[in-house]
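In what follows, chains carry the letters A, B, and so on, assigned in the order in which the sequence lines appear, proteins first and then strands, with residues in each chain numbered from 1. This is a predicted model, so every value here is computed, not measured.
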Protein chains: 2
Amino acid sequence: MNGDSDPLPRAEAEEYASWFKALADATRIQIVSLLARRRAPMTVGEVVAASGVGQSTVSHHLKILAEVRFVLVERQGTASLYRINEACVRCFPTAADVVMGKPVPAAPTCE
Amino acid sequence: MNGDSDPLPRAEAEEYASWFKALADATRIQIVSLLARRRAPMTVGEVVAASGVGQSTVSHHLKILAEVRFVLVERQGTASLYRINEACVRCFPTAADVVMGKPVPAAPTCE
DNA sequence: AGGCTTTATCGACTATCGTCGATTGACGAT
DNA sequence: ATCGTCAATCGACGATAGTCGATAAAGCCT
């Protein structure tokens with residue numbers, strides 16, 4: 001049990017931060033909301049077309065989002081199908097969680 | 001009403017991102033959780049002592065957190081009293097909000 | 001096999017961010 | 001008035017992150 005006054009352990013703070021970092025970029029927000037609106041998986045090319053940024057940039061952001069399991073990938077032929085991970089959307093920590101010291105949800109777990 | 005397929009407008013995405021940016025740093029997370037545990041206002045010096053980073057750094061982070069109204073400031077003599085803003089903690093957007101295109105809560109509003 | 005398409009990766013450039021130390025500015029106490 | 005304390009600001013530095021263009025890798029289709 002945590003005392004009332006000791007700071008949140010650094011390691012835990014960094015886990016939390018890594019969650020928020022994933023959504024701390026406007027382009028990533030656009031991509032995520034795009035994938036969520038279309039509930040069906042999208043190919044990278046489709047995301048590129050819809051988001052207006054370069055292909056390598058989109059690929060990079062999708063990789064970041066996939067690392068937090070925020071989106072899921074599935075290769076199909078030469079294409080990569082990305083879709084939103086509803087479970088991770090739900091378990092994404094809220095500010096209240098941080099503030100109340102709720103244990104950080106582990107990314108792989110919430111799948 | 002937003003169609004099902006058009007990307008989230010850039011401006012809105014950036015507003016969202018600015019919320020998440022505020023919690024996208026481990027030190028800031030520690031400071032926030034510190035202020036929340038002590039429900040009473042804390043002076044900058046106290047935060048410095050408890051967080052182990054330099055005074056100017058703490059001041060900087062507190063400024064950032066205050067800009068999103070995540071913490072509230074009140075000067076008292078030479079000291080600055082920072083306390084958590086419960087209202088903004090509650091209205092902090094969740095990942096689900098982003099995904100479903102819920103309108104971004106305006107920082108000043110949620111006070 | 002050869003070419004085409006799709007995506008991932010690499011390298012480079014820039015901008016932003018976190019941190020520090022030093023300085024400045026306010027305020028209170030003596 | 002001066003000194004001491006507290007917090008904010010400034011300047012600098014290193015590190016990280018976003019973007020792009022070009023290249024490479026993998027798979028399909030004739």
Minimum-distance nucleotide (side-chain atoms of [X] versus [options]):
{"X": "S56(A)", "options": "dC17(C), dC20(D), dA8(D)", "value": "dC20(D)"}
{"X": "T27(A)", "options": "dA8(D), dT19(D), dT19(C)", "value": "dT19(D)"}
{"X": "K63(B)", "options": "dA8(C), dT9(D), dT19(C)", "value": "dT9(D)"}

Hey, are E67(B) and K21(B) close enough for a salt bridge, meaning a charged N less than 4.0 Å from a carboxylate O? no
Establish, with yes or no, whether the OP1 or OP2 oxygen of [N] is under 4.0 angstrom from a side-chain nitrogen or oxygen of [X].
{"X": "Y82(A)", "N": "dA8(C)", "answer": "yes"}
{"X": "R28(A)", "N": "dG18(D)", "answer": "yes"}
{"X": "T57(B)", "N": "dT19(C)", "answer": "no"}

May I ask you to say what V53(B) touches in the nucleic acid, namely base, sugar-phosphate or nothing, with a heavy-atom cut-off under 4.0 Å?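 Sugar-phosphate: the residue V53(B), judged by heavy atoms under 4.0 Å, touches backbone atoms but no base.
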For S59(A), answer base if it contacts any base atom (sugar-phosphate contacts may also be present), sugar-phosphate if it contacts only those atoms, and nothing otherwise; contact means non-hydrogen atoms under 4.0 Å. base
Rounded off to whole Å, could you give me the [atom1]-to-[atom2] distance for the [X] and [N] pair?
{"X": "H60(B)", "N": "dA12(D)", "atom1": "NE2", "atom2": "C1'", "value": "14 Å"}
{"X": "Q55(A)", "N": "dA22(D)", "atom1": "CD", "atom2": "P", "value": "13 Å"}
{"X": "I31(A)", "N": "dT19(D)", "atom1": "CD1", "atom2": "P", "value": "8 Å"}
{"X": "Q76(A)", "N": "dA8(C)", "atom1": "CD", "atom2": "P", "value": "14 Å"}
{"X": "L81(B)", "N": "dA8(D)", "atom1": "CG", "atom2": "C1'", "value": "15 Å"}
{"X": "I64(B)", "N": "dG18(C)", "atom1": "CD1", "atom2": "P", "value": "5 Å"}
{"X": "H61(B)", "N": "dC17(C)", "atom1": "NE2", "atom2": "C1'", "value": "9 Å"}
{"X": "R75(A)", "N": "dA26(D)", "atom1": "CZ", "atom2": "P", "value": "9 Å"}

Without hydrogens or angle criteria, can the side chains of R90(B) and T94(A) be said to hold a donor-acceptor pair below 3.5 Å? no
Determine whether a donor-acceptor pair (one donor, one acceptor, N or O, separation below 3.5 Å) exists between the side chain of T78(A) and the base of dT6(C).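 Yes, a donor-acceptor pair under 3.5 Å.
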Nearest atoms (heavy-atom pairs only) where C91(B) meets W19(B): SG-CH2, 4.2 Å
Within the side chain of N85(A), is there an N or O that forms a donor-acceptor pair under 3.5 Å with the backbone of R69(A)? yes
Is any side-chain heavy atom of V47(A) closer than 4.5 Å to one of Y82(A)?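 A side-chain contact is absent here, since even the closest heavy-atom pair is not under 4.5 Å.
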Tell me which of A24(A) and L62(B) sits closer to the 5' end of DNA chain D, going by the nucleotide each one is nearest to. L62(B)
